[in-house]
Structures are given as structure tokens and as C-alpha cells.
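These notes are about the structure you will find just below.
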Amino acid sequence: DGDPISGEALRRLLERGGFLARFFATPGRFFDALLSSRQDAVFLKLDLPGMDGKDVIRVLRSDPCTRRMRVIALASGRGPRPGPEPAGGRARGEQPARGEDPKAVDVFHAGADEYFRGPVEPELLLARLGSLLQRLEPSLREEKLGLGKLEVLPDQRVCRLDGERV
């Protein structure tokens with residue numbers, strides 16, 4: 001999130017909801033943090049300084065270490081809704097149909113797990129995050145790679161040789 005005020009407000013909301021949360025002002029700082037710690041989920045503003053939010057999602061999905069991270073994309077509720085025209089076109093100045101958000105389709109195609117256009121109800125945001133994280137837990141226990149006496153749990157960043165942690 002390039003806006004420190006909204007980023008800090010989201011961080012405080014998540015912490016009040018019982019989550020450990022950190023705020024990063026730029027995609028570069030976020031990617032630097034990923035090198036040293038594993039994150040289960042990310043709230044990602046789409047209008048980031050220096051890098052499009054959809055590109056950040058694509059990078060996360062292409063890396064085996066972050067592929068399973070839950071991505072909740074957030075778009076500003078201000079201004080006209082961007083995106084392609086519907087089939088058959090739209091009259092000049094005509095707004096999208098109620099509930100239609102062309103940007104949402106692009107965000108899901110990029111790999112987002114959830115998408116919100118602001119302003120967002122805080123309780124809904126916390127509920128959706130909780131639901132996404134519940135679905136994450138079984139997959140963490142399932143993925144295991146092995147070769148002979150070597151066992152690797154990539155999402156947990158654990159390696160064992162002959163049953164002992166290496």
C-alpha cells in the first residue's frame with residue numbers, strides 16, 4: 001500500500017482481529033521481507049508505487065515459496081471503474097452495470113484469492129481472511145517431498161534427514 005494512513009489503519013484492524021500484521025509502503029520492501037519470513041496472507045493494494053498490483057500477484061504465484069500465500073487484492077473505491085468494455089460496447093459515459101467490476105476479473109486471472117473494492121466493511125474483511133486461512137492449513141500439512149531418507153516440507157521450510165531436522 002502506498003498510502004501509509006490506510007495501510008496503518010488496515011494493520012491495526014488486523015491486529016485487533018487477532019492477526020499479526022505488518023505494513024510495507026512499497027512492493028520492494030514487501031519482497032525484501034519475504035526473504036526473511038514466511039507470510040500466510042497479504043492484503044495488496046492494486047495501485048502501488050512503482051509496480052502494478054497484478055504484477056505483484058503474478059510474481060507471488062510464480063515463486064514456489066510464495067505460491068500458496070493467500071492474496072487479498074484491494075482496489076480504491078474512488079473514481080471511474082477501469083477495465084474493458086463489455087461485449088457490444090457501452091455508450092459514451094455509460095457506467096458499468098450494478099455489481100459489474102471489470103478490474104475484478106483481471107485480478108482473479110492474475111491469481112488473487114479475494115478481491116474488494118473500497119470502502120470495505122471491517123467485519124467482512126476479517127471474516128474472509130479467516131476463511132481463506134482456514135483453507136490454507138490442510139494444504140500445509142499435505143505437501144511433503146521425499147527422496148530416500150530425505151524429507152522436505154517446503155511450505156513449513158523444514159528439512160529432515162533420517163527423521164532428524166537438518
Side-chain angles (χ1 to χ4, degrees), residues 1-79 81-84 96 98-145 152-159:
D1 184 350
D3 177 9
I5 294 171
S6 66
E8 284 299 320
L10 178 59
R11 185 190 60 75
R12 286 191 306 273
L13 169 69
L14 292 169
E15 287 179 348
R16 281 194 308 270
F19 299 99
L20 177 63
R22 297 187 321 178
F23 166 73
F24 302 100
T26 66
R29 289 186 181 154
F30 168 67
F31 285 124
D32 287 345
L34 286 179
L35 295 174
S36 62
S37 66
R38 185 178 152 267
Q39 309 299 317
D40 292 327
V42 59
F43 281 90
L44 180 68
K45 288 285 285 273
L46 295 175
D47 52 343
L48 295 168
M51 189 174 188
D52 183 78
K54 292 186 297 285
D55 291 333
V56 172
I57 296 169
R58 288 183 189 101
V59 168
L60 293 172
R61 294 300 183 227
S62 69
D63 186 325
C65 293
T66 57
R67 182 172 292 141
R68 292 176 174 249
M69 180 187 298
R70 298 303 186 228
V71 177
I72 300 106
L74 303 171
S76 169
R78 300 182 302 267
R81 294 182 177 193
R98 181 182 170 103
E100 180 184 333
D101 187 354
K103 191 179 224 178
V105 174
D106 294 338
V107 170
F108 284 114
H109 281 286
D113 295 294
E114 186 62 83
Y115 173 81
F116 290 101
R117 176 177 279 287
V120 179
E121 275 298 315
E123 292 304 315
L124 177 61
L125 197 100
L126 292 173
R128 292 299 302 144
L129 175 59
S131 176
L132 287 170
L133 290 176
Q134 282 177 349
R135 285 185 252 150
L136 177 70
E137 293 307 315
S139 66
L140 285 177
R141 288 189 297 271
E142 291 171 11
E143 185 164 356
K144 184 180 358 178
L145 306 171
V152 179
L153 305 165
D155 289 323
Q156 297 177 32
R157 298 185 183 193
V158 171
C159 181

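Not measured: the values here are computed from a predicted model. Values reported hereafter were calculated over all heavy atoms of this structure, with side chains retained and with hydrogens, waters and symmetry mates removed.
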So does [Y] get a backbone contact from the side chain of [X], meaning a donor-acceptor N/O pair under 3.5 Å?
X      : Y      : result
Arg67  : Leu60  : no
Ser37  : Leu34  : no
Arg61  : Ala112 : no
Asp113 : Val71  : yes

Inset, instruction - Apply side-chain contact (heavy atoms from CB on, under 4.5 Å) to Phe24 and Asp32, showing your working. - result: CA-CA 10 Å; Phe24 302 100; Asp32 287 345; over 6 Å; no

Inset, instruction - Check the pair Lys54, Asp106 against side-chain contact (heavy atoms from CB on, under 4.5 Å), reporting the backbone distance first and the verdict last. - result: CA-CA 8 Å; Lys54 292 186 297 285; Asp106 294 338; 3.9 Å; yes

Inset, instruction - Taking only Lys NZ, Arg NE, NH1 and NH2, and the carboxylate oxygens of Asp or Glu, determine whether Arg58 and Asp55 approach each other closer than 4.0 Å. - result: yes

Inset, instruction - Verify side-chain contact (heavy atoms from CB on, under 4.5 Å) between Leu10 and Phe23, making sure each step is shown before the conclusion. - result: CA-CA 8 Å; Leu10 178 59; Phe23 166 73; over 6 Å; no

Legend entry - Heavy-atom side-chain proximity of Leu125 to Leu74 below 4.5 angstrom: yes

Legend entry - Minimum side-chain heavy-atom gap Leu132-Glu114 below 4.5 Å: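 Sidechains of Glu114 and Leu132: in contact.
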
Legend entry - Residue pairs, two or more places apart or on separate chains, that pass salt bridge (charged side-chain N to carboxylate O under 4.0 Å, His left out) and touch residues 15-31: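 Output for this query lists Arg11-Glu15.
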
Inset, instruction - Go through the steps for Leu14 and Phe43 under the test side-chain contact (heavy atoms from CB on, under 4.5 Å), then give the verdict. - result: CA-CA 10 Å; Leu14 292 169; Phe43 281 90; 3.6 Å; yes

Legend entry - More than 12 heavy atoms from other groups under 6.0 Å of CG on Leu124: yes

Inset, instruction - Kindly give the heavy-atom pair with the smallest separation between Ala110 and Ile57, and that separation in Å. - result: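 In this case the closest contact between Ala110 and Ile57 is O-CG2, 3.2 Å.
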
Inset, instruction - Work out which heavy atom in Cys159 is nearest to a heavy atom in Val152; give both atom names and the distance. - result: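 Here Cys159 and Val152 meet closest at SG-CG2, 4.2 Å.
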
